[in-house]
There are 2 protein chains.
Amino acid sequence: MNPKRVRIKDIADKAGVSTGTVDRVLHERGYVSEDARQRVLDALEEMGYERNLLASALAYNKAIRIVALMPDKSTDPYWEQPFAGVEQGAQFVQPYGIEVETRFFNLFERADFRRQANAILENPPAGLLFPPLFLQEGQWLLEQCREKGIAAVTFNTQIDDAACLAYIGQDSYQSGVLAARLLNFGLSGKASVLLLNLEKEIANARHLLEKERGFRDYFAQHQGSDIQVLRLDVEQFEDKEALRRQLETQLHKHPDLTGVFVSNSRAYRLADCLPSPTLRKLRIVGFDLVAANLQHLQAENIDFLINQNSVEQGYNSVLTLYRHLFLKEKNLPALQYLPLDIVVVENVAYYL
Amino acid sequence: MNPKRVRIKDIADKAGVSTGTVDRVLHERGYVSEDARQRVLDALEEMGYERNLLASALAYNKAIRIVALMPDKSTDPYWEQPFAGVEQGAQFVQPYGIEVETRFFNLFERADFRRQANAILENPPAGLLFPPLFLQEGQWLLEQCREKGIAAVTFNTQIDDAACLAYIGQDSYQSGVLAARLLNFGLSGKASVLLLNLEKEIANARHLLEKERGFRDYFAQHQGSDIQVLRLDVEQFEDKEALRRQLETQLHKHPDLTGVFVSNSRAYRLADCLPSPTLRKLRIVGFDLVAANLQHLQAENIDFLINQNSVEQGYNSVLTLYRHLFLKEKNLPALQYLPLDIVVVENVAYYL
DNA sequence: TAAATTTATGTGTGCGCACACAGAGAAATT
DNA sequence: AATTTCTCTGTGTGCGCACACATAAATTTA
């Protein structure tokens, strides 16, 4: 049948040493003569030794601790999703002696992020995952992780930093391209489309700027249709009435407006403040399968939602740390772009 | 910190018995007095015992064998995908002492399916996964599995049979609906669309019939657009010239033909036999990210591919058996519909 | 040269569990 | 009453590994 798996004992016999010596070689604990070391390495190679994960984890008999630092989901429904993914991941890795602990910070306060981060660093876990929403603070935290030997994974917001083991998230630029394609689809002749940013500190939201770049590039490269891109930034998006007024101004100024691209998960705010007939005349593209967006999709107020797989972002982040810390896999992909799913009424059910 | 996990020894102490007795209760091996049994059950409940998977699998010291019975991928490139998924799954579960072995059968020969199935039954594995492409043979195999206590998972083709642990695949009906939506999108006025079946025994391909039903239902329910659905069946789809002739006949007979829906993964056969300008004028929707389809998508000969997540079908099938046989999870979902991804040039990269 | 230190190696124990086995006692059979 | 069978229970061993510890040999220091 299947060739019995090679054990440490087999290696020891082959190399003419004891299991203890093989163990020291495997874990690079030192105190092995160069001669013995070489014989062990040869035997490992020759017999194709693979560590028995079960026995290894059992004997190790210590929990691996992972901390997830995430925005409080009460401040923005979007964050329920990565959090759900983290919880699924936690459940999955729990049998293998891995504990996942979540800490929350206020989405809109850098100081709180720093405070929570410091609390984590006081009792350093083996792994940490977080969305580096605040560039400076994120880089600082990654640096701290490097110093303390904490394996760090970032998700949701991409910052290029070698100190992190992997980034897991969407390709913001390309999601802008895709949104443009969806608005452009079936259109011909002259028209306008609106890029709507509903965000507090837009200048700092680099992923929104990336989406905009992709969005504009698409139209620039597809000369076939003559589309004008308008942009509207609304920082006080919670104020329904104010938002409505600004939108109506735009609709009035640009009668040829055929579509709106809401650059984040807040398309429902747009849909909430305009009447259905107006919405139906516009093609609307938004992001993410949060409950409020789904209702508007079902009601056909929103035409497309681009799913950034935010649940999977949380899940994959935990699993990446598991693969690094527990499976000890080498050469994990440092960049994991998740699919940009096009969601319409007809296929939404399968993404829930 | 975290409350130390409860061990069998703890339960034994609490119930005033030995670990052996607890073990007998846990595994329902019998030879336990009703009195002791009850005390153990109470202790388990009260202390919230959870089996330590690592130790359990280690001590069990037997491999769990899973067999995948799949169409030979050389007969149809589609099947490379579920196979790739099965291999990924195999790699994942391998550390936990689970062996996955794959056997292939000829996609077009029921007798070969039966032959391979019989070979498997001679040395029954703990788990079996297969696509029940042949209804009768599939049901027979499921019945055999039930008799022999083999956990069976079906994928790709749905047959309702309680003998199987789970079905993993797409919702064929809804994929027809979605295809219709994609063809209908942006269309107005009178037009024709073609439903193209490229399959050997169409009458037996129930999933194709389901797709057709969904496809037609969509148009029936969306009276807004006045669309006529044509249907063309081609069994000798390998004959490029013959296929081309039949398609040109259709194009000639129906000048208002605006779109084609190829009901399986063979849209590339259509795209192969018509010139690009003709293809560009048509909107074409097909299934699955097989290499040949991808090329035509990139070349904009095909507009949409509906991804049935065939890789994930293989992967999830293996993982479902892992959850059943190894994790011993109860109440696994008996029906796992995977998403129907809408794939266009702009987001194809993320599905590969 | 003896003692202290460092390097090198083997042995032993326990992680939590599954399962074989040995008994003790009760019940059934001779 | 003696034997056999059956029910019930506890103990012991091993799964493969990590790590502590003991010990021997080599090296340095006094």
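Convention: sequence-line order gives letters A, B, ...; per-chain numbering from 1.
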Which residues pass the side-chain hydrogen bond (donor to acceptor under 3.5 Å, both in side chains) test with [X], not counting sequence neighbours?
| X | value |
| --- | --- |
| Q313(A) | Q170(A) |
| Q94(B) | none |
| R114(A) | none |

Residues in salt bridge (Lys or Arg N to Asp or Glu O under 4.0 Å) with [X], at least two apart?
| X | answer |
| --- | --- |
| K9(B) | D13(B) |
| K73(B) | none |
| E80(B) | none |
| R51(A) | none |

Could you pull out all residues at least two apart from L335(B) that satisfy side-chain contact (heavy atoms from CB on, under 4.5 Å)?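 In terms of side-chain contact (heavy atoms from CB on, under 4.5 Å), with neighbours along the sequence ignored, L335(B) is linked to Q158(B), Y167(B), Y337(B).
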Axis-to-axis angle across the helix from dT1(C)-dA30(D) to dT30(C)-dA1(D), five pairs an end, to 10 degrees? 50°
Here the gap from L338(B) atom CG to Y351(A) atom OH, rounded to the nearest 0.5 Å, amounts to 10.5 Å
Under 3.5 Å, N/O pairs linking protein and nucleotides 5-7 of chain D:
none

Protein within reach of the bases, or only the backbone? For nucleotides 15-22 of chain D, mark each nucleotide 5' to 3' as B, S or -, using heavy atoms under 4.0 Å. BBBBB---
With respect to the phosphate group of dC8(D), does any side-chain polar atom (N or O) of T21(B) fall under 4.0 Å of OP1 or OP2?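 No, because none of the side-chain N or O atoms of T21(B) sits under 4.0 Å from OP1 or OP2 of dC8(D).
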NZ/NE/NH1/NH2 to OD/OE distance under 4.0 Å, D10(B) and R5(B):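 Result for this pair is no, no salt bridge flagged.
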Tell me if a side-chain donor or acceptor on H27(A) pairs with a main-chain N or O of D23(A) at a distance below 3.5 Å. yes
Taking the six-membered ring for Trp and the full ring for Phe, Tyr or His, determine whether the centres of F130(B) and F105(B) are under 6.0 Å apart. no
Could you list, one pair per line, each protein nitrogen or oxygen that sits under 3.5 Å from a nitrogen or oxygen of nucleotides 25-29 of chain D, together with the distance?
none

